[in-house]
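Following: one structure in structure tokens, then a few remarks.
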Number of protein chains: 2
Amino acid sequence: MTRLAGSSKLLRAMNESATLALLLDRGTLTRGDLREITGLSKPTTSEVMRRLTDAGLAVVVGHTSGGPGPSAEIYAANPAAGHAIAISVRETQSPHLCAVLCDLAGTEVARADVTAAADPVPAVAGLVDDLSRQAGLVPGSARLVQLGLPGSYDAAAGVIRHIDVPGWDRPGLVDDLATRLGATVAADNDVNLAAIAERHHGVAGAVESFALMWFSGGLGLAIDLGGTLLRGARGGAGEIGYVPVGLGRGADRTDLTDLAGGPAVLALAAEHGIDAATPEAAVAAGTPPFLDALAERIAYGLAAVAAVLDPPLIVLAGDVGRAGGDALADRVTAALRASTPLDTAIAATGVTEDPVLLGAQVAAQHALREQIITTLRDAAPAA
Amino acid sequence: MTRLAGSSKLLRAMNESATLALLLDRGTLTRGDLREITGLSKPTTSEVMRRLTDAGLAVVVGHTSGGPGPSAEIYAANPAAGHAIAISVRETQSPHLCAVLCDLAGTEVARADVTAAADPVPAVAGLVDDLSRQAGLVPGSARLVQLGLPGSYDAAAGVIRHIDVPGWDRPGLVDDLATRLGATVAADNDVNLAAIAERHHGVAGAVESFALMWFSGGLGLAIDLGGTLLRGARGGAGEIGYVPVGLGRGADRTDLTDLAGGPAVLALAAEHGIDAATPEAAVAAGTPPFLDALAERIAYGLAAVAAVLDPPLIVLAGDVGRAGGDALADRVTAALRASTPLDTAIAATGVTEDPVLLGAQVAAQHALREQIITTLRDAAPAA
DNA sequence: GCAATAGTTAATCAACTTGACTAACGCTCC
DNA sequence: GGAGCGTTAGTCAAGTTGATTAACTATTGC
């Protein structure tokens, strides 16, 4: 990291972005509060707020009352200063897109979804226009679009890998979308976004770090280290389906997918006399012996994760994790304690909405904040 | 992170620390170079350099020549502006301490070691005094001491865990050392320090991230993510000895220590007709069939690591890893390719000196730099 | 009417920049 | 081989930007 150097202009830009960041983080503050936190003087605070309100980035949302003296103005970041769009891409029978438009405060302003077999670029563009119309915004006013994908995005190569949705594996797609939409387009793995949702709206709010095991048709793992997601060399971090089980080679080789992937869960359910169409249905209908057996397999995979990462918490999420709930999480905890010296806490997901879309929404909102703050710092507004 | 706000004093402090950081990072620079990189004007650069040289933090080390115009002064950070001490703690028969005193440039100034059964505090203090005397420095002039420990230091609780060296498990020891020495005392796991050595003096210089498997009496793993080490919730990240092998329970339970720990390696060697006193001797004397069998076991453990983290590189280090060299690394690569779809690169360590002490030296030097830079930023020197 | 507080104004101060200037060095031309 | 010229390192002086201090005005509650 290069440390910053510069002249008084840099100083003003820094003070403005520090102030805006405080308003974004803490919600509502008076000038006095800002003075206290930033350590700036009264006239400077006033000048900074004048510029921020002139630029439409901050607004007065009320006045104090009760104490002696004149009432102080209460400021907040202007929620309408920017809008971002979160889109969750899914493959059911045909490509399906769910989208939410939210403002700078993270409030949902519009929601839409579309089932489209066509080229992703016009499909996304149409969805974005639809949302803007619904929200009564000028088309193109959403400066940031966050995609949630069932695959991994390699930003260096500009290509989405391991994705089953037709049309979405085309190299350069994300860049094409960015130019077509005139917006920054971010893309991330659905499991990673579910972890973001878990941190901000689930059970992982208080912990320093955690791992989220995504347990659906396939297996995945998101690793959140102090709020930053670990992606790995080629976006392959968390591919725990490949964790080996036993020393078998060739045809005897077994990995965690063979043990706890969708088909394996259904087979295990059948062994226990449970007839279900999907793994999550099997788990929801599960008898204690079946859940015990499944928990032991999950604990096996998590033991490897815990031995490598030592996270304070592992969250069980995805369709199966949610269906299993506390009953499954408690059994996994017991199985882990019984088989290893690791005492990592295990919990079921606390997110009730669509975790991928929700996570994309949080990610979009945060990226938008960052964008606005750095824009302020880089290009000091003209007098 | 709170963004900085402040007045012109902050600006000066920022410019000084940015300039000093550049000198520390890049070695030697002229005023013109500094001007270009920082974007500051000529008079400001001169003023900053005048202050840095007055404070003894920078020195003129030469003059340019050859081109037209007057010769420009070449500056460098003053190596004698600060000294740090690295100490590696080991348990052989009795506690053994190896120590190096180095200057701000990382150059070794003095070296000493001592075998002491006594209380760690006087032992370390004596060693530190000895080094200062050797180097001709005023006692107490080393402001930073970095310990390398065969255990994990829990800074929050102030206690060193999982350490076998007598006297070193006492709670509050590190704080006691800091007050006794009048210096900042940092402590870290020996495997983590070996990873730091590997990044700066071994084969991991160019990669973004890597994992280092420490393979000696016990098994350990250090995880370097972009230059930052992952420590885990309770300093337990990288305890890969606990990675389970197969689904056995109770007495049948097997983990990676059972498979590839010191006794297991010796047993495997014996099966192959190799009689050796230590695992590293067994590996050094190893026949191809033995190495193949061992590589397969190592690859099993690394498969779990690679599936979770997806590092671009895994380094085999420790006594056994070094003894195995490329022969072992190549066999592990082949075994990993044969048993999983992961194509992580595997290499033998490139560090030839004592990796723990070397890593502690690098860590100490970097912490000292950081200390000097932040001191400069926090307390602007009086005029 | 008084005490306390929000916010503004005016004067001052600190730090950086611009542009001009001095001085040193190497090259070239006579 | 020496004088002159172009180029470049570094300094000086003036001006600009932005923050601070301290005084002042105005508003509110008691």
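Note: hydrogens, waters and symmetry copies are ignored here, and every other heavy atom, side chains too, is used. So that the names make sense, note that chain A is the first sequence line, chain B the second, and so on, each numbered from 1.
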Nearest-0.5 Å distance that lies between atom CZ in B:R143 and atom CG in B:L181: 14.5 Å
Expected rows: protein N/O vs nucleotides 6-10 of chain C N/O, under 3.5 Å:
unit_1 : atom_1 : unit_2 : atom_2 : d
C:dG7  : OP1    : A:E73  : N      : 3.0
C:dG7  : N7     : A:K42  : NZ     : 2.7
C:dG7  : O6     : A:K42  : NZ     : 2.8
C:dT8  : OP2    : A:R31  : NH1    : 3.4
C:dT8  : OP2    : A:S46  : OG     : 3.0

Which residues share a ring pair (Phe, Tyr, Trp, His ring centres under 6.0 Å) with B:H201, sequence neighbours left out: none
Residues which pass salt bridge (charged side-chain N to carboxylate O under 4.0 Å, His left out) with A:R369, listed by chain and number, not counting sequence neighbours: A:D25
Sugar-phosphate only, base, or nothing, as touched by A:S8 at under 4.0 Å among non-hydrogen atoms: base
Determine all donor-acceptor pairs shorter than 3.5 Å in which one atom belongs to a side chain in residues 133-142 of chain B; sequence neighbours excluded.
unit_1 : atom_1 : unit_2 : atom_2 : d
B:Q134 : NE2    : B:R111 : O      : 3.1
B:S141 : OG     : B:V138 : O      : 2.8

Distance below 4.0 Å between B:S41 side-chain N/O and C:dT17 OP1 or OP2: yes
side-chain contact (heavy atoms from CB on, under 4.5 Å) against B:A18, all qualifying residues, sequence neighbours excluded: A:R3, A:A5
B:R35 CZ to C:dC16 C1', straight-line distance once rounded to whole Å: 13 Å
Atom pair distance, as rounded to whole Å: CG in B:N15 and P in C:dA14: 17 Å
Any residue meeting salt bridge (charged side-chain N to carboxylate O under 4.0 Å, His left out) with B:R231, in chain and number order, not counting sequence neighbours: B:D188
Between side-chain atoms of residues 67-75 of chain A and protein atoms elsewhere (two or more places apart, or another chain), which donor-acceptor pairs fall under 3.5 Å?
unit_1 : atom_1 : unit_2 : atom_2 : d
A:E73  : OE1    : A:R31  : NH2    : 2.8
A:E73  : OE1    : A:Y75  : OH     : 3.1
A:Y75  : OH     : A:R31  : NH2    : 3.1

Sequence-distant partners of B:D103, side-chain contact (heavy atoms from CB on, under 4.5 Å), two or more places apart: B:P79, B:H83, B:A105, B:T107, B:V109
Boundaries of the chain A footprint along DNA chain D (any atom under 4.0 Å from a heavy atom): D:dT17 to D:dG29
Short side-chain N/O contact to C:dT17 OP1/OP2 from B:T44, under 4.0 Å: yes
Atom pair distance, as rounded to whole Å: CZ in B:R50 and P in C:dA15: 12 Å
